[in-house]
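Reviewing the structure listed below.
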Amino acid sequence: MKKIAFSLCMILAAALAFGAETLTMATEATFPPYEFLRGQEIAGIDVEICRAVAQRLGRQFRAENMDFDSVIPAVISGKADLAAAGITITEDRKKNVDFSVPYVTTGIVVIYRKSDPFKDASQLKGKKIGVQSGTTSDAYVLEQLKQEPERYKTSAEACAALMSGRCAFVIADIDPAKNCVKGEDSLALSDFLSSESYAVAVAKGRADLLAAVNETIAAVKADGRLEKWVADYTAESDKLKATATDASAAEVKPSWLSSAWQSFRDDFYLCFQKPSGDGTPRGMYLVRGLLVTIQVALAAIVLGLLIGFLVAVVRASHDKYGYFPFLNFVSKVYLTIVRGTPMVVQLLITYYIILRTVDSKVLIAILAFGINSGAYQAEIIRAGITSIDPGQMEAARALGLGYWRAMLKIILPQAVRNVLPALGNEFIVLMKDTSIVGYIALIDLAKGGDIIRSQTYSVYLPYLTVAAIYLVLVMTFTWLLGKLERHLRNTGADVVHNDS
Ligand code: ARG
């Protein structure tokens, strides 16, 4: 236990020390050419600007991917130093953060279906309008049209909704909008609805940092670097969204069956085989994501078991013999808080507040899920302990075993055997629940599928494949648990029986 606590402290200390050195940029990488995922890495114009700031300051550089509506809060809370995500300077935002000088002037446009052409803004009123949550497009619908938009996490998602007829129009910044309509014959773009300037945001009161950002922007504008980045990344992001047509040559399609097969093959190629930018096939998002899911789920199960056993023994010992009054109180508080608040909220609090300075999202997820699951496991194990006849403990003590030894050797093995199905259930729930780690921008299996969807605009294959992989994962796990259960039943003879 001491060793574990010591290593945890070391990890925390290392994270703190590392955090001080590194200049962190908060961004939302579905916004080409300003920021997008090139495989695992975040690339784009904004990234180059912030990297140049880090160079100027002689600091390490790191870009953090998160939802757009978390980008400004990240600099306000100190989780990141810079926010750069094609952020438009607005009066509202200026109240909360300081902006650098602008580095580009651009604007927002309407994306519409050609079958329902857009002519002027009066047409938007009262329609379902898709936007990326927290953006100036969101504010436009709210303030100019005085209505609630349909909010999506990315503008690509809003576009998918447009294509499937879930909304009538989408409003987005011109560059990502161009990316959305590329290769979609049914979609088109309007003229600018309004003009906007992008700048880098920093927390209020960080005048030195702001000055460094301004000097950097002036320098990269003057020496032509900015212009080159714009050209290079626009060219790169143009290639990002491939249409199915470059997957295979158009063939004569003799029947609906073969054309369905053809479009499945095109989609399969687009979603899983086509290189995602760093040269590896897009399917690698799922492979890497699966590894993260397994890693987080297994480690959280183990951590939850440790906590669960401890809390269960404390609670059961207190209820039966009045032992450990203080620990019992702490356990009760822990159970109340953990079971009384939603998992997503706990994850976000751990990420943004408690472990603010910890870099490793995997570690954060493991701790948040382990601590959460520990509460449920504790109650299951406690039920197991109370199901054991008190005579067992008395007999063990009479044979000369100490309380803890009796607990460990006699009571717990039987308790666990009795509640194994319930514990298994908890593990399965935990495994599937980890799919919310996308909230802290950790790329797990679910998020991997989501990224593929956001790059290909294809929904069926990515989501159905992700569902199938989870299913296989859970079925394998259930099978392993069944084996363990049978094994325990058969070897149960060498522990004292209370149930047969
Ligand atoms: N320019 C718009 C805004 O500031 C949208 C930016 C969205 N950026 C992004 N990386 N998704 O609200």
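We count ligands from 1, going down the list as the structure has it; atoms in each ligand are counted the same way.
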Will you find, in the side chains of [X] and [Y], an N or O donor that is under 3.5 Å from an N or O acceptor?
X      : Y      : answer
Thr216 : Arg56  : yes
Asp46  : Tyr103 : yes
Tyr112 : Gln123 : no
Glu64  : Thr24  : no
Asp173 : Tyr198 : yes

Subject >> Side chain, backbone, both or neither: Met66 near ligand 1, heavy atoms under 4.0 Å >> reply: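 Looking at Met66 and ligand 1, no heavy atom falls under 4.0 Å.
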Atoms in ligand 1 with a heavy atom of [X] nearer than 4.0 Å:
X      : value
Phe31  : 6 (C), 7 (C), 8 (N), 9 (C), 10 (N), 11 (N)
Glu196 : 1 (N)
Gln132 : 7 (C), 9 (C), 11 (N)

Starting from [atom], find the nearest protein heavy-atom neighbour and note its residue, name and distance.
atom                    : result
atom 5 (C) of ligand 1  : Asp173 OD1, 3.3 Å
atom 11 (N) of ligand 1 : Glu28 OE1, 2.6 Å
atom 6 (C) of ligand 1  : Gly86 O, 3.3 Å

Subject >> Glu157 bridged to Arg166 by N-O distance under 4.0 Å >> reply: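 Here Glu157 does not pair with Arg166 in a salt bridge, since their nearest N and O are not under 4.0 Å apart.
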Original post:
Do Asp138 and Arg151 sit within salt-bridge range, that is, some charged N less than 4.0 Å from a carboxylate O?
Top reply: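 Yes, charged N to carboxylate O under 4.0 Å.
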Any nitrogen or oxygen of [X], side chain or backbone, less than 3.5 Å from one on ligand 1?
X     : result
Ala85 : yes
Thr30 : no
Thr27 : no

Subject >> Pick from Ile87, Asp67, Thr136: the one approaching atom 12 (O) of ligand 1 most closely through a non-hydrogen atom >> reply: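 That would be Thr136.
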**OP:** Assess Tyr34 for proximity to ligand 1: is some non-hydrogen atom of it under 4.0 Å away?
**Re:**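 Contact check Tyr34 vs ligand 1: negative.
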Original post:
Can you check whether Phe31's main-chain N or O pairs, donor with acceptor, with Asn179's side chain at less than 3.5 Å?
Top reply: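 Answer holds: no.
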